[in-house]
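Numbers restart at 1 for each chain; the letters A, B, ... are given by sequence-line order, proteins then strands.
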Amino acid sequence: MTVRTRFAPSPTGHLHIGGVRTALFSWLYARHTGGRFVLRIEDTDRERSTEEAVQVILDGMRWLRLEHDEGPYFQTQRMDRYREVIERLLAEGKAYRCYCTKEELDALREEQMRRREKPRYDGRCRARTEPRPGVEPVVRFRNPEHGTVLVDDIVRGKVVFDNAELDDLIIARADGTPTYNFTVVVDDLDMGITHVIRGDDHLNNTPRQINIFRALGAEPPRYAHVPMILGADGKKLSKRHGALSVLQYRQEGYLPQALLNYLVRLGWSHGDQEIFTIREMIDLFDIADVNPSASTFNPDKLLWVNQQHLKMAEFEDVEEDLRFQFTRQGIDVSSGPDLRRLFDVQKARTRTLAELAAQSRIFFEDFAEFDAAAAKKHLRPAALEGLRRLRAALAGQEDWSAPSLHQVVVSVAEDLGVKLGKLAQPLRVAVTGTAVSPSIDATLELLGKARTLERLDRAIAFIEARADVTPR
RNA sequence: GUCCCCAUCGUCUAGUCGGCCUAGGACACCGCCCUUUCAAGGCGGCAACACGGGUUCGAAUCCCGUUGGGGACGCCA
């Protein structure tokens, strides 16, 4: 039997970290087993579903490269099918029309809460045969009254629910549209889903869904309820608790493989290994190894994982997102160093593409002024002689590659009889405006000869003016 | 409130059938080293089996309870 998993988000907001992880687990499991991964958009709530949200989900999944093998299916396009199944259940007496008003149900709920009972529909319309004038009925599923339902969950183990705890849930609203717990069952059945991998918050829905499967004469799929991701406050991660849209992570310069790596380690591990390529995740991941306890989202670790992936990344792999960062930060990369070379130099020193772009601005644009602290410390009269000699040596330099430039700096330092640091730091501040940059030879190479000389002149003039030294 | 789930360092986790656990790794934090800056890297430090009962020669590992945390209880998904 081929494994078929699915990711079934509802387009009512952005796609956040929690959703991404269940999508990842489903995708990984399908890939690991050579199965199929289905994408389904659960948009039966017409009030809250939007076209934009659908697009955001699709864009997010594409960016993450969690490609689906089938779909996206839209529930709104399957209305006829749901209606057909509802009619069938009604005809077979497995569902019935309920004429209770919202007011009545609210009162019932309130009363039950007051009596310290679990709020649930009491089945008062179960035996009703006559319509009630003026009330459009909803359709309720006739849940078994006795016995138990066993959920044999892959990550939770066996969980038993008492049917007496469950009530007759609404499967069709007064306007005839079907509701979640029902459409999920019809879809998972029609789409041949073998493994439902979803958030822990659905565990309580599962016995109801299993009962509907049985009423339809079908065997339910296997279930795997994965633990939730909690925010720093220990509460379920949601928009209010710092759950950012996936695309937000793209904007902040995270790599999709790093985000996925971080997420896969939340609730799953393979010995002491922290960094996984996508290939390794596919090979090693098994839904049965997911642990059952909830975990807390830790932005610091995500940053570290991203840094690790950035170090290993190939230019081709990140080029698109890197260009996106430059554009986003208003940096025109059309004139300046080769991006590939820049990336290779910078990738080991930054944690995100956003940082990488920000720290690379000086290779494309002139800086407005020297960083005050850096200038005060390094652009002093004592540095003048060294900078002048460097200016002269570099002006005559033909081979503008890092190794040769390194030689130039080293020999000037030797001539001067100073340690490299004494010369390199003033030079760094002179050409970048700050005390922080890649190694000085790589910095010069990336800057190019023209920019380097120009900035050296400017720095020399700056010191002369400041120290009131007569130019020579 | 009722039902369901969970419980190892601040956080993510290792912990195969109970003995190899004086509880390992990673992030963060703190030192030191390396060093042309910042990083990266190397070395070291801090830090946990929630509590109480059992079972057993032996329990972080099994059982029960307590406590704590989370989730669900919609004509939302």
Side-chain angles (χ1 to χ4, degrees), chain A residues 8-12 42-45 47-49 75 98 100-102 105-106 109 112-120 136-140 151 153 156-157 159-162 165-167 169-175 177 179-181 183-184 199-207 225 227-228 230 232 234-236 262 265-275 291-305 307-308 311 346-351 355 359 374 378 406 409-410 413 419-429 432 434-441 443:
Chain A
S10 66
T12 53
E42 310 216 321
D43 54 354
T44 51
D45 183 353
E47 304 270 296
R48 302 196 302 153
S49 299
Q75 293 191 321
C98 167
C100 295
T101 62
K102 280 180 188 169
L105 295 175
D106 287 345
R109 230 189 313 276
Q112 289 167 326
M113 291 286 259
R114 206 170 48 72
R115 287 205 307 254
R116 302 187 156 189
E117 288 170 6
K118 182 175 181 171
R120 51 194 291 285
E136 275 306 314
V138 298
V139 178
R140 286 186 186 270
V151 179
D153 195 275
R156 306 275 141 179
V159 184
V160 179
F161 292 85
D162 214 318
E165 285 293 329
L166 277 24
D167 62 359
L169 82 170
I170 293 173
I171 59 177
R173 303 182 181 95
D175 66 3
T177 57
T179 60
Y180 169 75
N181 277 295
T183 56
V184 166
D200 208 359
D201 46 345
H202 288 290
L203 184 56
N204 287 295
N205 288 326
T206 307
H225 286 93
M228 328 226 50
L230 274 24
K235 294 269 196 285
K236 174 183 172 181
Y262 174 72
R265 283 285 289 101
L266 246 36
W268 177 83
S269 62
H270 181 257
D272 288 337
Q273 188 171 347
E274 296 285 350
I275 301 301
N291 70 38
S293 53
S295 43
T296 307
F297 185 79
N298 183 342
D300 281 334
K301 185 137 184 187
L302 170 60
L303 215 41
W304 178 79
V305 172
Q307 182 174 51
Q308 300 302 311
K311 267 202 299 189
Q346 293 282 50
K347 68 180 185 182
R349 346 178 337 100
T350 51
R351 297 178 298 182
E355 277 183 19
Q359 292 182 24
H378 299 290
H406 177 73
V409 179
V410 167
K419 290 180 75 174
L420 203 50
K422 278 279 183 211
L423 189 62
Q425 269 314 83
L427 175 57
R428 171 171 283 112
V429 178
T432 68
T434 76
V436 177
S437 86
S439 66
I440 195 65
D441 48 358
T443 299

Separation of atom CG in A:Asn204 from atom P in B:A72, rounded to whole Å: 8 Å
Between B:G10 and B:C30, how far apart are the C1' atoms? Round to whole Å, please. 15 Å
Using modelled atom types only, decide if a donor and an acceptor are shared between the side chain of A:Gln307 and the backbone of A:Leu303 within a distance under 3.5 Å. no
Expressed in angstrom and rounded to an integer, what is the separation of A:Trp304 atom CH2 from B:G25 atom C1'? 10 Å
So if I take every side-chain heavy atom of A:Arg156 and compare against B:C73, B:A77, B:C5, which nucleotide ends up nearest? B:C5
Taking A:Asp153 for the side chain and A:His225 for the main chain, is one N or O donor matched with an acceptor at less than 3.5 Å? yes
Say you pick atom C1' in B:G15 and the same atom in B:G52; how far apart are they, in whole Å? 24 Å
Sugar-phosphate only, base, or nothing, as touched by A:Thr177 at under 4.0 Å among non-hydrogen atoms: nothing
With rounding to whole Å, what would you report as the distance between B:U61 and B:C49 at their C1' atoms? 10 Å
Mind checking the C1' distance from B:U11 to B:G69? Whole angstroms is fine. 15 Å
Beyond-backbone contact of A:Glu42 with A:Val184, side-chain heavy atoms, under 4.5 angstrom: yes
Using atom types as modelled and distance alone, determine if a side-chain donor or acceptor of A:Tyr262 lies under 3.5 Å from a backbone N or O of A:Asn298. yes
Suppose we define a pair by two distances each less than 3.5 Å, Watson-Crick or G-U wobble; what does B:A7 pair with here? B:U67
A:His202 near the nucleic acid: base, sugar-phosphate alone, or nothing, with a heavy-atom cut-off under 4.0 Å? base
Please pick, from B:U2, B:C5, B:G41, the nucleotide with the shortest atom-to-atom distance to any side-chain atom of A:Leu203. B:C5
Between A:Arg156 (side chain only) and A:Val159 (backbone N and O only), is there a donor and an acceptor less than 3.5 Å apart? no
Heavy atoms under 4.0 Å, any strand shown: does A:Val138 hit a base, just sugar-phosphate, or nothing? base
Over how many whole Å does the gap from A:Met113 atom CE to B:A72 atom P extend? 13 Å
Salt-bridged, A:Arg349 to A:Glu355, with N to O below 4.0 Å? no
Summarise how protein sits on nucleotides 7-14 of chain B as a single string, 5' to 3': B when a protein heavy atom is under 4.0 Å from the base, S for sugar-phosphate-only contact, - for no contact. S---BBSS
Between A:Arg109 and B:G74, is there a side-chain N or O to OP1/OP2 distance below 4.0 Å? yes
Complementary nucleotide of B:U55, counting Watson-Crick and G-U pairs under 3.5 Å: none
Take the protein atom CZ of A:Arg114 and the nucleotide atom C1' of B:U2, then report the distance between them rounded to whole Å. 16 Å
Could you walk me through whether A:Leu230 and A:Phe297 pass the side chain to side chain contact (heavy atoms under 4.5 Å, CB included) test, one step at a time? CA-CA 6 Å; A:Leu230 274 24; A:Phe297 185 79; over 6 Å; no
Rounded to the nearest Å, what distance is computed from the CG atom of residue A:Asp300 to the P atom of nucleotide B:C30? 12 Å
Between A:Asp43 and A:Phe161, which is nearer to the 5' end of RNA chain B once each is assigned its nearest nucleotide? A:Phe161
Pairwise C1' distance for B:G42 and B:C51, with rounding to whole Å: 41 Å
How far does the C1' atom of B:G19 sit from the matching atom of B:U56, given to the nearest Å? 12 Å
Using a heavy-atom cut-off of 4.0 Å across all strands, would you classify A:Glu136 as base, sugar-phosphate, or nothing? nothing
Listed partners of A:Asp272 passing salt bridge (charged side-chain N to carboxylate O under 4.0 Å, His left out), at least two apart: none
Starting from the 5' end of RNA chain B, give me the residue, A:Cys100 or A:Glu165, whose nearest nucleotide shows up first. A:Glu165
Might you list the N or O atoms of the protein lying below 3.5 Å from N or O atoms in nucleotides 35-39 of chain B, with each pair's distance?
residue	atom	partner	partner atom	Å
B:U36	O2	A:Arg428	NH2	3.2
B:U36	O2	A:Ile440	N	3.4
B:U37	O4'	A:Gln425	OE1	2.9
B:U37	O4'	A:Gln425	NE2	3.4
B:U37	O2'	A:Ala435	O	2.9
B:U37	N1	A:Arg428	NH1	3.3
B:U37	O2	A:Ala435	O	3.3
B:U37	O2	A:Ser437	N	2.9
B:U37	O2	A:Ser437	O	3.1
B:U37	N3	A:Arg428	NH2	3.2
B:U37	N3	A:Ser437	O	2.5
B:U37	O4	A:Ser439	N	3.0
B:C38	O2	A:Arg349	NH1	2.3
B:C38	O2	A:Arg349	NH2	2.8
B:C38	N3	A:Arg349	NH1	2.6
B:A39	O2'	A:Arg349	O	3.2

Please give, in whole Å, the distance from B:C75 P to A:Asn181 CG? 11 Å
Judged by atom type as modelled, is there a donor-acceptor pair below 3.5 Å linking the side chain of A:Thr179 to the main-chain atoms of A:Ile170? yes
Tell me if a side-chain donor or acceptor on A:Gln359 pairs with a main-chain N or O of A:Thr350 at a distance below 3.5 Å. no
Counting only Watson-Crick or G-U wobble pairs whose two distances fall under 3.5 Å, which nucleotide matches B:C29? B:G45
Considering every strand and a 4.0 Å limit on heavy-atom distances, what is the contact class for A:Glu42: base, sugar-phosphate, or nothing? sugar-phosphate
Does a side-chain N or O from A:Lys118 land closer than 4.0 Å to OP1 or OP2 of B:C4, or not? no
Round to the nearest Å and state the distance from A:Leu169 atom CG to B:G74 atom C1'. 11 Å
Give a yes or no on whether the backbone of A:Thr443 and the side-chain of A:Ser437 come within a donor-acceptor separation of less than 3.5 Å. no
In this structure, how many angstroms lie between the C1' atom of B:C3 and the CG atom of A:Asp167, rounded? 12 Å
Quick one: look up who B:C73 pairs with, Watson-Crick or G-U, both distances under 3.5 Å, and put none if it's unpaired. B:G1
Have A:Arg428 and A:Gln425 got a donor and an acceptor in their side chains that come within less than 3.5 Å? yes
So A:Arg48, base contact, sugar-phosphate only, or nothing? Heavy-atom distance under 4.0 Å. base
Quote, to the nearest angstrom, the C1' distance that separates B:C9 from B:U22. 16 Å
Give none if B:C21 has no partner; otherwise give the nucleotide forming a Watson-Crick or G-U wobble pair with it, both distances under 3.5 Å. none
Please report the distance separating the P of B:A72 from the corresponding atom of B:G65, rounded so that it comes out in whole Å. 25 Å
